[in-house]
Amino acid sequence: MDLSVVIPVYNEEANLPLMYNRLNAVMTDMGITNYEYIFVNDGSVDASLSWLLEHAEKDEHVKYINFSRNFGHQIAVYAGADKSKGKAVVFIDGDLQDPPELIKELYTKFNTGYDVVYAKRRERKGESKFKLLTAKWFYKIIARISSVEIPLNTGDFRIISNRVVHYLRQMPEQEKFLRGQISWIGFKQSFVEYDRDERNAGETGYTFKKMFSFAMDGITSFSTFPLKVATAAGFVVSFIALVVIIYALYSYYFLERTVTGWTSLIISVLFLGGVQLLTIGVIGEYIGRINNNVKNRPVYIIQDTNIKE
Ligand code: UDP
Ligand code: MG
């Protein structure tokens, strides 16, 4: 198998036909015949699955994985990679925001001796101001606090070698943050630039909640900085508290002036309580993920598939 194309699908019934046609045109153009499309149906509630079943019957290149429920975009992509057989594996969104035609360029560059060629966004059309801004801040923050370098302005649209897939399989974490994991794996990586299109039809499957937990997964998987902030905050607050305690004792014994101030009391109580809750929360984020991982559950559950082991 020369090329596997992994396409996560969550309510993409309106995009699948065009996606498929454009992919076919690209394969013809590239002159590759030994390829597979792995569509991962991530608990769609529309007609995506019946489209997949129908086309899997007609076209042997169409493979599908049907999840037992919605597991999320990152896990869908991971499952596709996990089941892929290609020497090269492409990750591409199913809503045509990532132009399939770029696969040719990715593949050409890949064949000049890279293990990873990611697609870097020159422009991002049809995204809300809110998404652009939060994404920008997120990548700035993670670049500062994490030791792996996650390239800016990239999503998961990329081509990777089967040995990178091999190492992805060996990373058993439940919270997948593929762009970070692939940077972490290393090897020779490069990029090509492209303009990201608007979503062709339908609406985004990334709710605010999903985006937030994706960001938290990225940060907790690749940085312990928030834990260090908790420690630092603990030191600073303890130091301030010590100064205040010394002052209180001094004024009690030497100035013989008992503190009547309710204000200072309530401020320090609230402040301490706030810092404690915050740091407990940070620790909780990590412990929650440790807990998730020690349970050792399967990362995803397949209801049915036409992929043979
Ligand atoms: N997706 C998925 N599971 C989800 C959400 C999204 O498999 O829970 C798929 C979706 O079908 C698309 C890709 O992931 O192919 C990117 O999602 P989307 O376009 O909704 O996100 P956005 O581009 O708005 O960030
Ligand atoms: Mg999209």
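Start at 1 and go down the list; that is how both ligands and their atoms are numbered.
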Considering non-hydrogen atoms of the protein only, which is the closest contact for [atom], and what is the distance?
{"atom": "atom 14 (O) of ligand 1", "value": "His73 CD2, 3.0 Å"}
{"atom": "atom 17 (O) of ligand 1", "value": "Tyr206 CD1, 3.9 Å"}
{"atom": "atom 20 (O) of ligand 1", "value": "Gly205 N, 2.5 Å"}
{"atom": "atom 8 (O) of ligand 1", "value": "Lys210 NZ, 2.8 Å"}

- Would you call Glu36 and Lys85 a salt bridge, using N to O less than 4.0 angstrom? no

- Residues Lys58 and Glu54 bridged, charged N to O under 4.0 Å: yes

- Give a yes or no on whether Ile150 and Trp184 share a hydrophobic cluster (residues Ile, Leu, Val, Met, Phe, Trp, Tyr; joining criterion: side-chain heavy atoms under 4.5 Å apart). yes

- Item | pair Arg158-Arg179: side-chain heavy atoms closer than 4.5 Å | yes

- Task: Run through Tyr118, Tyr194, Phe91 and flag the one making a ring pair (Phe, Tyr, Trp, His ring centres under 6.0 Å) with Phe157.
- Result: Tyr194

- Query: From Asp93, does some N, O or S atom reach closer than 2.8 Å to the Mg ion (ligand 2)?
  - Reply: no

- Message: Just checking: Gln97, one of its N/O/S atoms, less than 2.8 Å away from the Mg ion (ligand 2), yes or no?
- Response: yes

- ligand 1 versus Glu12: contacting region, heavy-atom distance under 4.0 Å: side chain

- Can you tell which part of Asp42 has a heavy atom less than 4.0 Å from ligand 1: side chain, backbone, both or neither? side chain

If the cut-off is 4.0 Å to any non-hydrogen atom of [X], which atoms of ligand 1 fall inside it?
{"X": "Arg199", "result": "18 (P), 19 (O), 20 (O)"}
{"X": "Gln97", "result": "19 (O), 22 (P), 23 (O)"}
{"X": "Asn70", "result": "3 (N), 4 (C), 8 (O)"}
{"X": "Thr204", "result": "18 (P), 20 (O), 21 (O), 22 (P), 24 (O)"}
{"X": "Arg196", "result": "23 (O)"}
{"X": "Val9", "result": "7 (O), 11 (O)"}
{"X": "Gly72", "result": "3 (N), 8 (O)"}
{"X": "Asp95", "result": "19 (O), 23 (O)"}

- Item | Test side chain to side chain contact (heavy atoms under 4.5 Å, CB included) applied to Tyr37 and Ile7, step by step | CA-CA 7 Å; Tyr37 304 143; Ile7 310 125; 4.1 Å; yes

- Check the pair Phe67, Tyr300 against ring-ring contact (aromatic ring centres under 6.0 Å, His included), reporting the backbone distance first and the verdict last. CA-CA 7 Å; Phe67 276 177; Tyr300 56 85; 5.5 Å; yes

- Item | Residue among Val90, Val117, Val116 satisfying side chain to side chain contact (heavy atoms under 4.5 Å, CB included) with Phe110 | Val117

- Message: Return the CG to NZ distance between Asn111 and Lys87, rounded to the nearest 0.5 Å.
- Response: 9.5 Å

- At a 4.0 Å cut-off, with the gap strictly under it, does some heavy atom of Met211 reach an atom of ligand 1? no

- Message: Under 3.5 Å between any N/O of Ala76 and any N/O of ligand 1: does that happen in this structure?
- Response: no

- Quick check, are the ring centers of Phe212 and Phe214 under 6.0 angstrom apart? no

- Task: List the steps and the verdict of ring-ring contact (aromatic ring centres under 6.0 Å, His included) for Tyr250 and Phe254.
- Result: CA-CA 6 Å; Tyr250 176 77; Phe254 297 101; 5.4 Å; yes

- Task: Have a look at Asp95 and say which of its N, O or S atoms is nearest the Mg ion (ligand 2).
- Result: OD2

